[in-house]
Amino acid sequence: MELAPPELIAKYQPVIGLEVHVQLATRTKIFCSCEMAFGAPPNTNVCPVCLALPGALPVLSMDAVELAVKASLALHCRVNPVSRFARKNYFYPDSPKGYQISQYDEPLAEHGYVDITVDGVKKRIGVTRVHMEDDAGKSVHDGFRDSDRNTYVDLNRCGAPLIEIVSEPDMRSSDEAYAYLTELKQALQFVEVSTCDMEKGHLRCDANVSVMLKGAEKFGTRAEVKNLNSFRFLKLAIDYEIARQVALVESGGRMVQETRLFNADSGETVSMRSKEDAHDYRYFPEPDLVPLRVSDEWKARLAASMPELPADKRQRFVTEYGLREYDAQVLTLTRPMSEFYEEVASVSGDPKTAANWLMGDLAGLLKAAGKEIEESPVSAKHLGELVAMVSKGELTGKSAKDVLPKMFETGEAPGPIVDREGLKTMSDMGAVEKIIDDVIAANPKQVEQYKSGKTAVMGFLVGQVMKASRGQAAANVVNDMLKTKLG
Ligand SMILES: [Zn+2]
């Protein structure tokens with residue numbers, strides 16, 4: 001397929017909407033009590049309900065509803081007091097019911113939004129709806145000796161609890177789509193409704209992409225691109241699809257509404273089937289389930305139990321701790337990271353320095369050891385104590401940089417290490433003065449240069465004193481004392 005060059009693409013406006021499926025982190029499936037265990041032997045977490053045996057009836061999991069409501073609130077949606085389940089009829093070999101239990105014209109929640117920032121520009125992306133549904137099983141196409149001829153079916157995932165989050169077609173570039181999915185994932189992880197682990201399929205994304213001439217009002221015909229199981233693929237697939245559609249339209253072709261599959265190996269999207277319309281699914285109200293009612297009291301209780309959302313936390317870190325926007329963003333990437341930071345900030349009493357130590361030295365040690373912040377051998381309390389010692393002048397920054405790796409190795413608090421190694425900042429001013437006098441005596445040439453106005457040489461002299469004190473003299477004290485002595 002010929003792709004359009006950038007100068008042609010520049011004439012067009014891409015229009016993108018995302019449909020995101022998220023697996024809820026419940027212990028059981030949505031309509032039966034089977035365990036949701038990833039990686040269990042095939043077809044072991046199944047029962048008459050999720051196998052769709054005759055006479056078996058679904059019972060809605062309240063845990064799943066609770067998480068779905070929390071997700072809706074995290075996306076600023078209005079949760080409907082009554083929503084209904086509907087049957088979406090289609091055949092899949094890994095779906096024994098022959099239909100999916102989903103929600104159709106009365107979804108759980110509507111009218112939400114996600115705020116994104118791309119290249120410093122803030123933008124609000126609408127969330128059309130959040131609805132609940134069950135997942136299908138898995139067709140296993142490889143891994144067996146006869147996989148070249150046969151496909152196997154694993155029904156463990158049948159009945160896994162999902163929410164589908166449909167956005168408005170508000171995004172105008174693959175970067176905006178990327179930012180939207182990033183914010184969405186972060187919010188859902190913070191409120192702990194899902195692990196959002198894309199590798200395990202707990203977060204799956206389809207993109208609706210169309211193009212229209214810039215300035216046009218009517219959207220072009222869209223293609224739905226499926227199988228975007230990483231952030232990188234999402235961006236690649238959207239960019240490919242934009243270039244493909246522009247080339248097609250420019251060459252006089254007509255877009256058809258279709259479902260396309262992203263091929264990660266070739267980086268292309270390929271036509272899978274013509275896109276079905278809602279009426280093809282013969283939706284009808286699910287007769288085996290009563291309408292789902294979410295009372296105001298319940299909703300309020302759930303809202304009260306929610307943690308601060310990442311976007312709000314980011315804003316607060318800037319205003320309350322005086323952090324730069326970028327630092328606030330790094331420190332709120334995950335909930336454990338943000339909680340760790342707040343403890344270091346509080347223990348140290350010096351939020352800005354705390355941020356630097358956490359994002360610099362500790363992050364470096366964690367990265368080298370292949371550990372996440374949750375696994376840090378240095379506790380937030382201990383890092384806070386170390387930062388406090390530096391802030392109070394009890395320990396020089398240089399000594400602290402030697403202490404932290406030892407804390408990392410042993411899990412000890414900084415105090416005992418500093419005592420054991422005699423690293424406390426020299427409080428004996430007489431001793432510091434003696435070192436300074438020695439350095440002045442040993443470097444007559446530099447002293448002469450300083451006196452003749454070459455003040456840059458001060459750095460060298462301070463360095464000599466620090467070296468002689470093994471980094472234990474406080475740099476500001478040394479600086480002041482040297483200046484006084486040299487006039
Ligand atoms: Zn079951």
Side-chain angles (χ1 to χ4, degrees), residues 1 4 9 12-22 75 77 88 90 100 102-105 107 110-114 116 118 123-131 133 162-185 198 203-214 216-249 253-264 267-281 283:
M1 174 75 213
I9 294 174
Y12 286 82
Q13 180 62 264
V15 175
I16 301 152
L18 297 187
E19 289 172 17
V20 179
H21 286 90
V22 173
L75 302 173
C77 285
K88 184 181 182 183
Y90 59 89
Q100 180 182 27
S102 182
Q103 294 187 306
Y104 181 48
D105 48 2
E110 294 169 278
H111 311 299
Y113 64 85
V114 169
I116 61 167
V118 174
K123 182 169 172 179
R124 180 158 288 183
I125 307 297
V127 171
T128 316
R129 56 187 275 152
V130 175
H131 66 250
E133 57 190 25
L162 300 181
I163 47 172
E164 179 172 340
I165 302 161
V166 183
S167 85
E168 290 291 308
D170 285 347
M171 288 155 272
R172 295 292 174 265
S173 68
S174 61
D175 286 337
E176 288 188 5
Y178 191 101
Y180 167 82
L181 193 62
T182 305
E183 292 286 340
L184 183 130
K185 178 182 172 195
M198 284 185 112
L203 179 79
R204 285 171 259 162
C205 181
D206 304 333
N208 286 303
V209 182
S210 68
V211 297
M212 60 181 178
L213 277 170
K214 277 190 177 152
E217 301 208 329
K218 193 170 172 295
F219 290 172
T221 304
R222 65 193 161 97
E224 183 184 5
V225 187
K226 287 192 173 289
N227 201 26
L228 307 174
N229 49 23
S230 82
F231 279 78
R232 201 167 66 86
F233 292 166
L234 169 73
K235 199 166 146 41
L236 286 174
I238 290 174
D239 285 335
Y240 176 90
E241 192 54 24
I242 293 168
R244 184 190 72 84
Q245 292 186 14
V246 170
L248 180 71
V249 176
R254 245 194 71 218
M255 273 289 296
V256 286
Q257 190 173 318
E258 62 179 350
T259 300
R260 299 179 69 88
L261 203 62
F262 178 64
N263 181 326
E268 297 174 352
T269 67
V270 288
S271 184
M272 195 165 112
R273 55 173 188 254
S274 68
K275 171 77 181 159
E276 50 293 310
D277 278 316
H279 64 252
D280 295 325
Y281 288 118
Y283 277 100

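The shown structure was predicted, so the numbers you read here are calculated from the model rather than taken from an experiment.
For Glu224 and Lys226, the salt-bridge test passes: some basic side-chain N is under 4.0 Å from an acidic carboxylate O.
Taking all atoms of both residues into account, the shortest heavy-atom contact from Ser174 to Ile16 is N-CD1, 4.0 Å. Of all the heavy atoms in Phe262 and Ala237, the pair that sits closest is CD1-CB, 3.5 Å. Minimum interatomic distance between Met171 and Gly17 (heavy atoms only, all atoms of both residues): CE-CA, 4.1 Å. Across all non-hydrogen atoms, the minimal contact from Gly126 to Asp170 is N-OD2, 2.8 Å. The heavy-atom pair separating Pro14 from Arg172 by the smallest distance is O-CD, 3.2 Å. In plain terms, the two heavy atoms of Cys205 and Leu228 that are nearest each other are O-CB, 3.4 Å.
A cation-pi contact, defined as under 6.0 Å to the ring centre and within 45° of the axis, is absent between Lys235 and Tyr178.
Under the 4.5 Å side-chain criterion, counting only non-hydrogen atoms from C-beta, Glu268 is in contact with Tyr240. Between Leu75 and Tyr113, every side-chain heavy-atom pair lies at or beyond the 4.5 Å cut-off. The shortest side-chain heavy-atom distance between Val20 and Glu164 does not fall under the 4.5 Å cut-off. The shortest distance between side-chain heavy atoms of Gln245 and Val209 falls below 4.5 Å. Within the 4.5 Å cutoff, the side chain of Phe231 has heavy atoms near those of the Leu181 side chain. Met255 has its side chain out of reach of Ser210: every pair of non-hydrogen atoms, C-beta onward, lies at least 4.5 Å apart. With contacts defined as side-chain heavy-atom distances shorter than 4.5 Å, the pair Leu162/Arg204 qualifies. Counting only heavy atoms from C-beta outward, the side chains of Leu261 and Val225 never approach each other to under 4.5 Å.
Interatomic distance, CZ of Arg129 versus CD1 of Ile165, reported as 12.0 Å (0.5 Å rounding). If you take OG1 on Thr182 and CG on Asp175, they are separated by 10.0 Å, rounding to the nearest 0.5 Å. Between the OG atom in Ser271 and the CD atom in Glu258 there is a gap of 3.5 Å [rounded to 0.5 Å]. Interatomic distance, CD1 of Ile116 versus CD of Glu176, reported as 4.5 Å (0.5 Å rounding). To the nearest 0.5 angstrom, Gln100 atom CD is 3.5 Å from Tyr90 atom OH. One finds the CG atom of Asn208 at 8.5 Å from the CD atom of Gln257 (value rounded to the nearest 0.5 Å).
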Val114 vs Val127, side chain to side chain contact (heavy atoms under 4.5 Å, CB included): CA-CA, chis, key distance, verdict: CA-CA 7 Å; Val114 169; Val127 171; 4.0 Å; yes

Side chain to side chain donor-acceptor pair (under 3.5 Å) evaluation trace for His131 with Glu133: CA-CA 7 Å; His131 66 250; Glu133 57 190 25; 3.1 Å; yes

Candidate pair Lys185 and Glu183, rule salt bridge (Lys or Arg N to Asp or Glu O under 4.0 Å), full reasoning: CA-CA 6 Å; Lys185 178 182 172 195; Glu183 292 286 340; over 6 Å; no

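The closest donor-acceptor contact from the side chain of Asn263 to the backbone of Thr269 lies at 3.5 Å or more, if one exists at all. Here the side chain of Ser167 pairs a donor or acceptor atom with the backbone of Leu18 at under 3.5 angstrom.
Of the listed residues (Ile9, Leu248, Ile242), just one forms a side-chain contact (heavy atoms from CB on, under 4.5 Å) with Val211, and that residue is Ile242.
The neighbour count for Arg232 CZ, taken as heavy atoms of other residues, nucleotides or ligands under 6.0 Å away, does not exceed 12.
Ring geometry for Tyr283 against Tyr104 counts as parallel: the plane angle stays under 30°, on a 0 to 90° scale with 60° as the upper cut.
In this structure, a donor-acceptor pair under 3.5 Å is present between the side chains of Thr128 and Glu168.
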